[in-house]
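Input: a single structure, listed below in structure tokens.
In what follows, chains are A, B, ... by sequence order, proteins preceding strands, each numbered from 1.
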There are 2 protein chains.
Amino acid sequence: MMHEFEIYLRAYINLNGGDLDRIWALAVPKAVRRNEFLLREGDICRHKTFVMNGLLRTFGKTADGNEHILQFSPEHSWTLDAESYDHQQPSSYNIAAIENSEVLLWSKADFDGLLADIPELKSLAEQLISRNIYSGRRRLLTALSATPEEKYHEFVQSFPGLLARLPLHMIASYLGISIKTLTRIRQAQLRR
Amino acid sequence: MMHEFEIYLRAYINLNGGDLDRIWALAVPKAVRRNEFLLREGDICRHKTFVMNGLLRTFGKTADGNEHILQFSPEHSWTLDAESYDHQQPSSYNIAAIENSEVLLWSKADFDGLLADIPELKSLAEQLISRNIYSGRRRLLTALSATPEEKYHEFVQSFPGLLARLPLHMIASYLGISIKTLTRIRQAQLRR
DNA sequence: CGGAAAAAAGGTCATTTGACCATATTTTCG
DNA sequence: CGAAAATATGGTCAAATGACCTTTTTTCCG
């Protein structure tokens, strides 16, 4: 089980064995079943989460009860609500498993310690944050400017591997379009 | 001119005089005239930018030539294209002045040096990045889920001071709706 | 395996939205 | 100041979209 995570880490940073062991020693493995929540809005996000395998989603709810997916987190990605985690305050978002998944959890206290002591890890964290900002910008521009069809194509291009693992209504939710519109787009594709 | 910037900095972090002087000494003041570009897509974003006064906008262009505003940067805020700046690679975005503005510029080399030497500044930078992520999430959720009317109200609530300084078509561009729709919303308000 | 639940697709219709155009008003700047 | 540009508003219309509902298909899980 270490194996997976070790491969991931080593792909990004050079760590000596001791640091790796320490990071690993503080990680709490957890199995999350399909549809189980890792975080519910109103709760405080207490952990950094690394997805070893499976697939999670982060979503917000609107007043009328609709769900809108902000992010998919497949294997070898991280997830949390940063605002809730950083300030240990109630979250506005939900994180739930789409597939049965295995994750690693670190408490904020533990992870802060690791970040302080292991510069390579700190640098990885900063890289992840940066990429988060870059992709967030692109996503926003798409949300503002693209037609539903363009959004769908961009999604397929960007996450070819996720397409087959997601129910369509979640893709629609992620794109901010109705499932009806998504179905129409896909039908139009077929007829070509 | 230092004054403005000093007030800003001191509001967020405690700096000894020497550090403040050093930050200031490396800053290049620049006046940007209305409609002038600070960054054009395709160019490399070479500076961190602090807006002393005035108002800038960051926007992307779609294939059909439409502009979509990602961010307004009024006085006492920072702006750049992080992706272009971090990797010194061509940008996909544009930054231009809406009002005549005065900004401070730091080259990446200089600012990296400051960040490395002044932990307080580093901590401020991290705070800014975090807030960027938080607000980006909220903005995305709004873009995905809100009606044009809700988007407009949220904008007015969030940036009451900007409303009077912006042409409506820029607000529409920021919200991802047509100016026609925005006009309709505002007319409906009046009639109540 | 089989029944129940979830997901996808299809039909219909009202509404919203944007495109296009013209016009009035304001602002800019030489 | 005054011409030109920018901005805001208004009208009209077609198209896209979502809401609601039903039917079919697939998936899940005991």
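- Of the candidates dC29(C), dG18(C), dG10(D), the closest approach to any side-chain atom of Arg34(B) belongs to dC29(C).
- Look at Thr183(A) and you won't find any side-chain N or O under 4.0 angstrom from OP1 or OP2 of dA8(C).
- Asn35(A) has its CG atom 12 Å from the C1' atom of dC29(D), to the nearest Å.
- Under the 6.0 Å cut-off for aromatic ring centres, Tyr12(A) and Trp78(A) do not qualify, their centroids lying 6.0 Å or more apart.
- Note that Arg139(A) lies in the cation-pi zone of Tyr174(A), set by a 6.0 Å cut-off to the ring centre and a 45° limit from the axis.
- Going from atom CG of Leu182(A) over to atom C1' of dA16(D) covers 15 Å, rounded to whole Å.
- Applying the 3.5 Å distance criterion, the base of dG18(C) shares a donor-acceptor pair with the side chain of Arg184(B).
- Ring pair Phe72(B)/Phe159(B): centre-to-centre distance not below 6.0 Å.
- Here the P atom of nucleotide dT16(C) and the CD atom of Gln187(B) are 16 Å apart, to the nearest Å.
- Residue-to-nucleotide proximity on DNA chain C shows that, of Lys180(B) and Arg33(B), the 5′-proximal contact is made by Lys180(B).
- Ring geometry for Phe111(B) versus Trp106(B): interplanar angle over 60°, hence perpendicular rather than tilted (30 to 60°).
- Between Arg137(B) and Glu83(A) no salt bridge is recorded (no basic side-chain N to carboxylate O distance below 4.0 Å).
- In the region residues 158-179 of chain B, proximity to DNA chain D at under 4.0 angstrom, judged on heavy atoms, holds for Pro167(B), Leu168(B), His169(B).
- Distance, Ile98(B) CD1 to dA6(D) P: 15 Å, rounded to whole Å.
- Linking Ile, Leu, Val, Met, Phe, Trp and Tyr residues whenever their side-chain heavy atoms come within less than 4.5 Å leaves Leu39(A) and Ile44(A) in two separate clusters.
- Among the nucleotides dT17(D), dC28(D), dT17(C), the one closest to any side-chain atom of Thr181(A) is dT17(D).
- Spacing between atom CD of Glu99(A) and atom P of dA7(C) amounts to 13 Å, rounded to whole angstrom units.
- Within 6.0 Å of the CG atom in Asn16(B), the count of heavy atoms belonging to other residues, nucleotides or ligands exceeds 12.
- Rounded to an integer number of Å, the gap from Glu150(B) CD to dT17(C) P is 10 Å.
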